[in-house]
Amino acid sequence: TTVSVSATASHPVPSTLFGQMFEDISSGDGGLYGELLLNRAFQLVTPGTAAALANWKALNSNIAVVAETTPVSAALPNALQLSVPAGSVSNVGFANTGNSGIGIQADTNYKASFYYRFPTASKFKGKFVVSLQDAAGTVLASQKVSASGSQTSWKQVKLSLSTSTQPGSINNMFAITVEGNSAAGETINFAMLSLFPPTFKNRENGMRQDIAQALADMKPSFFRLPGGNNLEGQTVATRWQWNSTIGPLLDRPGRAGDWGYTNTDGLGLMEYLNWCEDVGMEAIMAVWAGYALGGTSLPEDQLQPYIQQAVDQINFVIGDPAKSAAAAQRAALGHPKPFPLTYVEVGNEDFFAAASYVYRWKDFVTALQAEFPQLHFIATSDTFSPILSPSPTEYDVHVYQTPTWFAQNSFFYDGFERNGTKYFEGEYAAISTNPNNIFGSTSQGRLTFPTMQSAAGEAAFMTGLERNSDIVFAASYAPLLGHVTNNQWTPNLLAFDAGNVYKSTSYYVQKLFSVNRGDEYLPSTLPQVTGNIFWSVVRSKASSDIIIKISNVASTPEDLTFILPFQHVNGKGTLQLLTGNATASNTPGNPNLFAPVTSSIVVGKTFNYTAPAVSVSVLTFKAS
Ligand SMILES: O=S(=O)(O)O[C@H]1C[C@H](O)[C@@H](O)[C@@H]1CO
C-alpha cells in the first residue's frame, strides 16, 4: 500500500481530542479515591444486619452496626458498636479488610482517623491500639491512644501509622483493638473511620497514587464526570447531587449509586475539580437532566428546582463568589478562582428517554445558556433524532462493539455533514467478540480484559477520529477503571486490585494516541474502509514532528510505502510498537505481556514500513 502525504494541513487537531470518561463503576470508592476502608461510615445500611457490617470483621469481640441515639453527624446516623466480652484477655476489637485487601507499602505513613464515644459512661481507662496487620495478624504499624470511659460525646482520633516492612500480600487490614482485661464488658461506639495512604500531589482526601499516576501518564485533556449512568440515579431522589458531595466528610450522606453499591461521595465535586487541576485537564461536567434510570422522566412543570440545582452546580465550578452562594462555597473550600469549564453535558444517554428529552433539553439549555452564555451544552440523545431546540452545538456519541466493528467503522464520521455541529465520542470500547451479543457474559464472547485485537480495532477507529477531528472534538474510552473482580463491567481500560494497577493493551493505545498528538491533520491517501490497515498523519507545529499512527488488524504483516512532500526529512525516526498475540491480554497473572517497545527507524522522503500482524505503530520524525 502506498501512502502519499500532503504538506498542507486540512484542519487543526483540537487540543481536547483525547481525555477520560469517569464515573463510580467499581472505580471511585475502593479505587481511584484514596480512602482504603470500605463501608467506612455505614452509610445507607440497615443497622443490626450482617450486610451492614460488610468489609468489617470482629476480632475476639461482638460488633454490630447500630442506629446511634446521638449520631456523629446528621448525615451519618449509624455507628459500629464494639461489645467486649466479659473475661476477655486477648486484644479484642474489629478490623476493616478494605476492597478485597488493603495495599500497604513499606516506609509509608498512613493517616488514620475515627470518632468514638462510650454510649454509657464507664470507669474504663485504657488504650486503643490502632494498627495495620497482614493476613497472619503480624503488625505492620501501630499506635496507641488513651481512651476513657467518661468520653460519652464523640471524640475524633487522628494518627499516623508508619510502616517499615512490605507485607507479602495485599491481604492486609486496618484494626482497632482494646487491651482485653481492662475493657471486659465495655461497650464503645465508633463512627466515620478512615485510612488514607499518601495521595496524588498530597491532596487532602485525594486520589490513590498508583492509579492516579497511570491516568495522569495518559496526558488527558478532559475528564468527563460524574457519569455515565452514575449521574442519573435509579430514581429522582437517588440522582447524583453536587451539593451532597462537597464539604466535610461528616456532612456527606452518600447515595445509592447506579452500579449496585453505596457511593460514599467522599470523591465529590471538589475532589474531581482539584484532580482535574492536578492533572492539567478540564472537566466535561454533566448535569442531571430530569431522567432517572428506573424510567422516570420528570414532567415539564416540575423541572425548575432541578434546573436551579444545575445552575448552582455550574456556579460552584465557575461562578463569582460575590454573586453566587454556590461559588462562595467553592471559595470557602479553598478555590476562590473559577475552575476552567467549557462543556456541560445535559443528562446521559437520553436516547433512552428521547421523547421527554425534547422538553428537558429545551428547558435546561434555555435556562443554562441564559446564565452561562459562554458554555457549550452537549446533547446525549441520538444525533438529530429527535430534533432538539435549541439545536445542539455538540452531541455525545457512545458505541460498544466488536474489535472488527471498530476496524471497519473508522470512517464513521467521514460522512457526517459539516454543519457546525461537533461530536464527543464520549464512550467507546471493543467489549465482545460476539456481534450478536455485545453485552453478554464472558462465555458469550465478552472480554474480561482488552486484547491486542480489541486494542488494534480501537486504534483503527481512532485514526478516523483524528482524520475527522474537524468535527470530533473529544473522545474517551469507557469504562476507564474497574476492580479486577469486584466490578460491574468488563473490560476496563485499567484494572486494579488493592495494591496494583494493571495496564491493558487498550490503555497503551489510548496513551500512544494521547501522548503523541499533533496540532494539525495532514491528509494522506485514504485507507480502504473495510481493509485491515489504517493510518493517520498529524504534525506538531511546535516541534515540526510528523507523527504517523498505524493500525494493522490483519493476522499478516502489511507493507506500507510512505511518500512525503517535505524538503527535509530527518532520516532518524522513532517507532513505538505495540503488538503480540491477537487474543491475549495483560492480566494480573501476566501484567506486562504487552507494552509498547520504542526503537529507532530509518525514514526518508520515501520510505517503507512493515506493520506487524495485529499491531499499533507510532512513527515520529522531524520534517519541514
Ligand atoms: O448499560 S450501559 O448503558 O451500556 O452503560 C454504559 C453507558 C453508560 O453511559 C455508562 O455508564 C455505562 C458503561 O460505561
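Numbers for residues simply follow the sequence, beginning at 1. Every number for a ligand or one of its atoms is a count from 1 in the order of the listing.
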Would you please classify the geometry between the Phe461 ring and the Trp405 ring as parallel, tilted or perpendicular, with 30° and 60° separating the classes?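 Correct class here is tilted.
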
What protein heavy atom lies closest to [atom]? Include the residue and the distance to one decimal.
atom: atom 9 (O) of ligand 1; value: Glu427 OE2, 2.8 Å
atom: atom 3 (O) of ligand 1; value: Glu349 OE1, 3.0 Å
atom: atom 14 (O) of ligand 1; value: Tyr400 OH, 2.8 Å

If you measure every N/O of Asn229 against every N/O of ligand 1, is any gap under 3.5 Å? yes

Output yes when the distance from some N or O of ligand 1 to some N or O of Glu23 is under 3.5 Å, and no in every other case. yes

Under 4.0 Å between a side-chain nitrogen and a carboxylate oxygen: does that hold for [X] and [Y]?
X: Glu23; Y: Arg224; result: no
X: Glu271; Y: Arg252; result: yes
X: Asp350; Y: Arg360; result: yes

Tell me whether the centres of the aromatic rings in Tyr423 and Phe412 are closer together than 6.0 Å. no

Residue portion contacting ligand 1 (non-hydrogen atoms closer than 4.0 Å) for Asn230: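 For Asn230, no heavy atom sits under 4.0 Å from ligand 1.
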
The answer for which part of Tyr477 has a heavy atom under 4.0 Å from ligand 1 is neither

Judged by non-hydrogen atoms, does Trp259 sit under 4.0 Å from ligand 1?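 Yes, that is the case, since the closest heavy atom of the residue is under 4.0 Å from the ligand.
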
Ignoring hydrogens and geometry beyond distance, is a side-chain donor-acceptor pair present between Glu277 and His335 at under 3.5 Å?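 Yes.
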
Under the side chain to side chain contact (heavy atoms under 4.5 Å, CB included) test against Gln374, which residue among Ile318, Thr342, Leu341 passes?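 Result: among Ile318, Thr342, Leu341, Ile318 is the only option passing the side chain to side chain contact (heavy atoms under 4.5 Å, CB included) with Gln374.
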
Which ligand 1 atoms does Gly228 reach within 4.0 Å, using its non-hydrogen atoms?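 Within the 4.0 Å cut-off of Gly228, ligand 1 contributes 9 (O), 11 (O).
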
